[in-house]
Amino acid sequence: MMQEALGRCVASWCPGAAGVTNVARLSGGASQETWSFDIGHPDGVIGAILRRAPQGHGASPRAVGLDVESILMQRAFDAGVPSPRVLHVLRPQDELGTGFIMARVEGETIPRKILRDAGFAQARPRLARQIGGILAAIHGLDLAQLPGLRRMTAAKEIDEMERDYRSFEWPRPVFALALRWLRERDPGPSREVTLVHGDFRHGNLIIGPDGVRAVLDWELAHGGDPMEDLGWVCVNSWRFGEIDKPVGGFGTRAELFAGYEAAGRRVDPDRVKYWEVMGTLRWGMMCCGMMQRFRIGPERSIERAMIGRRSSETEIDLLRLLAPRGK
């Protein structure tokens, strides 16, 4: 049982640990799982989270892997970025697969609650600027001090998405138009290459009444254009109906940019817009991939089908983004 395995693991690295309780699986899919549990300790209960890939499962081709992800999170934590503290990296003798245990951070990740519940009313007006400052801190981490990460450029992203698009054998003229638009307007490699989180958005942020408490899921981190993260957080799919507030449905681009520049970094709005288009298309392609997996099976998950149908929403978003100004 998971409780016994966690208990043995915790006892090996946490002096004074008196067992684990309240073990519960929070989420999971075919390759990764997240478990919450409490560590009994004389100094008080330690809330913990296990993030793991069970034995026999590997990371996706674009993922950095959980070992590298744990290092990125710890480096971010050490630099003052709101990130959970890594308590332990799993070893073969733990018999829990590949992954790590981190301190549990209390807060909310469900976007609709964050955007509507009264408990977050005071935080919402400050979030866009706060997020700008957090992204500036992430982009300020020294790449030379981090594990080797893949380097991505706009041209590489376009090539990958075009291959995926062709593999679907499912013509979508708006996606073809967006691919052409991106290729024709490629701004070239960024003058500065930084750590890019790669998936900085609702769902990967723990938020409390005081604001952002932790940044999660660093598995798509890479080296690249820092404006990519700013464009991704502005994608319309992360606004959850609050379309007039492009930063997560709670703020403006001006607030995001102000927070970023107040931390000593520079924003290139044209590149941010370019990466917003790229991010919108990328999410649309991811939705199509979910629908493709639903269609060909063998696991015909209704959740995959529901996400897959959202690709039509991204087509509308792309047409709005690509329309000439003033139209």
Pairs meeting criterion salt bridge (charged side-chain N to carboxylate O under 4.0 Å, His left out) with involvement of residues 10-22, two or more places apart
none
Pairwise ring-ring contact (aromatic ring centres under 6.0 Å, His included) hits with a residue in residues 90-114, at least two apart
none
With sequence neighbours excluded, what pairs up with Glu261 under the salt bridge (Lys or Arg N to Asp or Glu O under 4.0 Å) test?
none
Apart from Val105 itself, which Ile, Leu, Val, Met, Phe, Trp or Tyr residues share its cluster (side-chain heavy atoms under 4.5 Å, direct or through members)?
Ile206, Leu216
Show me the donor-acceptor pairs within less than 3.5 Å that the side chains of residues 5-17 make with the rest of the protein, sequence neighbours left out.
unit_1: Ser12; atom_1: OG; unit_2: Cys9; atom_2: O; d: 2.6
unit_1: Ser12; atom_1: OG; unit_2: Arg91; atom_2: NH2; d: 2.7
unit_1: Trp13; atom_1: NE1; unit_2: Cys9; atom_2: O; d: 3.2

Distance-only criterion, 3.5 Å: show the donor-acceptor pairs between side-chain atoms of residues 174-183 and protein atoms not counting sequence neighbours.
unit_1: Arg183; atom_1: NH1; unit_2: Asp159; atom_2: OD1; d: 3.3
unit_1: Arg183; atom_1: NH2; unit_2: Asp159; atom_2: OD1; d: 3.3
unit_1: Arg183; atom_1: NH2; unit_2: Glu162; atom_2: OE1; d: 2.7

For Phe257, give me all partners under ring-ring contact (aromatic ring centres under 6.0 Å, His included), at least two apart in sequence or on another chain.
none
Applied to residues 65-74, the side-chain hydrogen bond (donor to acceptor under 3.5 Å, both in side chains) test, sequence neighbours excluded, yields Arg51-Glu69, Gln74-Asp78
Under the side-chain hydrogen bond (donor to acceptor under 3.5 Å, both in side chains) definition, can you give me all pairs with a residue in residues 119-133, not counting sequence neighbours?
none
Listed partners of Asp164 passing salt bridge (Lys or Arg N to Asp or Glu O under 4.0 Å), at least two apart
none
May I ask you to list the residues sharing a hydrophobic cluster with Trp238, side-chain cutoff 4.5 Å, ordered by chain and number?
Trp232, Val235, Trp283, Met286, Met290, Ile307
Going only through I, L, V, M, F, W and Y residues with side-chain contacts under 4.5 Å, is there a path from Ile49 to Phe77?
no
Listed once per pair and sorted, the ring-ring contact (aromatic ring centres under 6.0 Å, His included) pairs that draw on residues 107-161, sequence neighbours left out
His139-Tyr260
Apply the test salt bridge (Lys or Arg N to Asp or Glu O under 4.0 Å) to residues Arg201 and Asp199: give CA-CA distance (whole Å), side-chain angles for both, the deciding distance (0.1 Å), then the verdict.
CA-CA 6 Å; Arg201 59 172 174 83; Asp199 200 12; 2.8 Å; yes
Flag for Asn204-His197: side-chain donor and acceptor within less than 3.5 Å:
no
Minimum heavy-atom distance between Leu149 and Gly223, given as atom pair plus value:
CB-N, 4.2 Å
